[in-house]
Undergrad: 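Following this message is one structure expressed as structure tokens.
From a predicted model like this one, the values you see are computed outputs, not experimental measurements. In what follows, chains carry the letters A, B, and so on, assigned in the order in which the sequence lines appear, proteins first and then strands, with residues in each chain numbered from 1.
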There are 2 protein chains.
Amino acid sequence: MSLDRRSGCPINLSLEVFGDRWSLIILRDMIFGGRRHFRELLNGSIEGIASNILADRLKRLMELGMLTKADDPSHKQKAIYSLTEMAITLVPILAHLGAWGRVWLPTSEELSIRAELLEKGGPPMWEKFMDELRHEHLGMPLDTASGPSVRATLQAAYQAVVAGKALGASPVA
Amino acid sequence: MSLDRRSGCPINLSLEVFGDRWSLIILRDMIFGGRRHFRELLNGSIEGIASNILADRLKRLMELGMLTKADDPSHKQKAIYSLTEMAITLVPILAHLGAWGRVWLPTSEELSIRAELLEKGGPPMWEKFMDELRHEHLGMPLDTASGPSVRATLQAAYQAVVAGKALGASPVA
DNA sequence: GCAACCGATTGCAAAATGCAATCAGATTGG
DNA sequence: CCAATCTGATTGCATTTTGCAATCGGTTGC
């Protein structure tokens, strides 16, 4: 990933940050999957990233200011990765990207239900989600008691679809 | 660019379409730069794509349904590439991407003025731009006489910044 | 102790990329 | 009519990136 031949074009510079196969997948798993540890990211995503690539991308995303790393106080060996504000503001882009992919690509129902919900929720839901991420990752106060978290809502919808599929597919009930 | 190990996740599938260094650059040059020919894309972009990579990506984007190719009637040798509706609907994503890059990355003023204008124009401007692209690339009728084209507006703003910079930088006037 | 787990690192084969040279056909200028 | 130029690519080759499995030293739970 050479950083020469850069141009000052915003789209080009954005592509230099996450215009590769894995960086955005990692950010997706941190943002929507709530994963904070190396192993969670390594084993958690369906796509199966290799450990050396994961280590390289985490390092790179830190150098770019998208992530920070800290010791997990509960476990001297664990490192906990946090999103920066720079990464959190990707939420609207990920929402648009998910909506686009849902329309034009052969997405699976259970994995696109979250994108659908996020699209229907629109900017207000994205803002709420970003505030929750700021709370989790940056320690910002969470203003009001505003019902269940966005991630919990998305996760519940996912579980419902999976359960429904299992029900429908099962011959015994 | 292996297409196995895919998951049905919308974000993952989107990344399989343009999660590489060049595909979105090509689309950017076609959408915002109005380039339709191989040579225009080869020499036109600041980033300097290699001809074999360009040929490969054009082929790939065609297979994915983002582009179509046709003979240029004015020149039996020229091929003219057109955006499909699938590609045109990327405009909001590119607008968001440009806005994000403008905030967080060291963009140059002359190359980010377009992103700024597109951000300020918001969804109405994006819709107008997409209609113009549908007219250019898909032959759809252009409803009303609605002033100068979005691309012309963006281009004029770019020229103004460049001229201003030249003026400011020039010692003789 | 000791097996399981932690975040990586290493070695190696395979694939993708960058780069320059080149291709055949079409067009243009003189 | 012919040479120079331009068209959209393709080829060969060196470099870089990736995928994959094995492994590392240290930590934890039991």
Undergrad: May I ask you to check whether A:Y158 and A:F32 place their ring centres under 6.0 Å from each other?
TA: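 No; A:Y158 has its ring centre 6.0 Å or more from that of A:F32.
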Undergrad: Give the nucleotide from the list C:dC19, D:dG8, D:dG19 with an atom nearest to the side chain of A:N52.
TA: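 Selected nucleotide (nearest to the side chain): D:dG19.
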Undergrad: I need the CD1-C1' distance between B:I25 and C:dT17, as an integer number of Å.
TA: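 In whole Å, C:dT17 C1' lies 15 Å from B:I25 CD1.
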Undergrad: Over how many whole Å does the gap from B:F38 atom CZ to D:dC6 atom P extend?
TA: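 The answer, rounded to whole Å, is 16 Å.
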Undergrad: Name all residues meeting the salt bridge (Lys or Arg N to Asp or Glu O under 4.0 Å) criterion together with A:E109; count only those two or more places apart in sequence or in a different chain, and write none if there are none.
TA: A:K165
Undergrad: Taking CG from A:L42 and C1' from D:dA21, how many angstroms apart are they, rounded to a whole number?
TA: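 Result: 13 Å.
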Undergrad: Think A:R57 has a side-chain N or O under 4.0 angstrom from the OP1 or OP2 of D:dT17?
TA: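 No.
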Undergrad: Describe the nucleic acid contact of A:K59 in one word from base, sugar-phosphate, nothing, applying a heavy-atom distance below 4.0 Å.
TA: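 Here A:K59 touches no strand at all.
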Undergrad: Dump the pairs, protein N or O against N or O of nucleotides 28-30 of chain D, anything under 3.5 Å, distances to one decimal.
TA:
from   : atom 1 : to    : atom 2 : distance (Å)
D:dT28 : OP1    : A:K76 : N      : 2.9

Undergrad: Report the nucleotide, chosen from D:dA22, D:dT18, D:dT7, that has the shortest atom-to-atom distance to any side-chain atom of A:I53.
TA: D:dT18
Undergrad: Looking at A:M140, I want to see if its CE is surrounded by more than 12 non-hydrogen atoms of other residues, nucleotides or ligands under 6.0 Å.
TA: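 Atom CE in A:M140 is not packed in, count stays at 12 or less.
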Undergrad: Of the candidate nucleotides D:dC20, C:dG7, C:dA21, which contains the atom at the shortest distance from the side chain of A:A50?
TA: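 Closest nucleotide among those given: D:dC20.
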Undergrad: Rounded to whole Å, please give me the gap between NZ in B:K78 and P in C:dT28.
TA: 9 Å
Undergrad: Rounded to whole Å, please give me the gap between CG in B:D72 and P in D:dT7.
TA: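 So the CG-P distance, B:D72 to D:dT7, works out to 11 Å.
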Undergrad: Testing B:T84, B:T89, B:V17, B:L90 for side-chain contact (heavy atoms from CB on, under 4.5 Å) with A:W104, which one passes?
TA: B:T89
Undergrad: Under 4.0 Å between a side-chain N/O of A:W22 and OP1 or OP2 of D:dG19, yes or no?
TA: yes
Undergrad: When the distance from CG of B:D56 to C1' of D:dT11 is rounded to whole Å, what number comes out?
TA: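 Going from CG in B:D56 over to C1' in D:dT11 covers 14 Å.
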Undergrad: Check the distance between C:dT17's C1' and B:D20's CG and give it to me in whole angstrom.
TA: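 Spelled out: CG on B:D20 to C1' on C:dT17 is 11 Å.
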Undergrad: Which residues pass the ring pair (Phe, Tyr, Trp, His ring centres under 6.0 Å) test with B:F38, sequence neighbours left out?
TA: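 Partners of B:F38 by the ring pair (Phe, Tyr, Trp, His ring centres under 6.0 Å) criterion come out as none, since no residue qualifies.
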Undergrad: Expressed as a whole number of angstroms, how long is the span from B:I80:CD1 to C:dA26:P?
TA: 19 Å
Undergrad: Quick one: does B:H96's side chain get under 4.5 Å of B:E119's, heavy atoms only?
TA: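 Contact flag for B:H96/B:E119 side chains = no.
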Undergrad: Nearest to the side chain of A:R39, which nucleotide is it out of D:dT10, C:dC6, D:dT7?
TA: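 It is C:dC6.
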Undergrad: Do B:N12 and A:L111 make a side-chain contact, defined as non-hydrogen atoms from C-beta onward lying under 4.5 Å apart?
TA: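 No, side chains not in contact.
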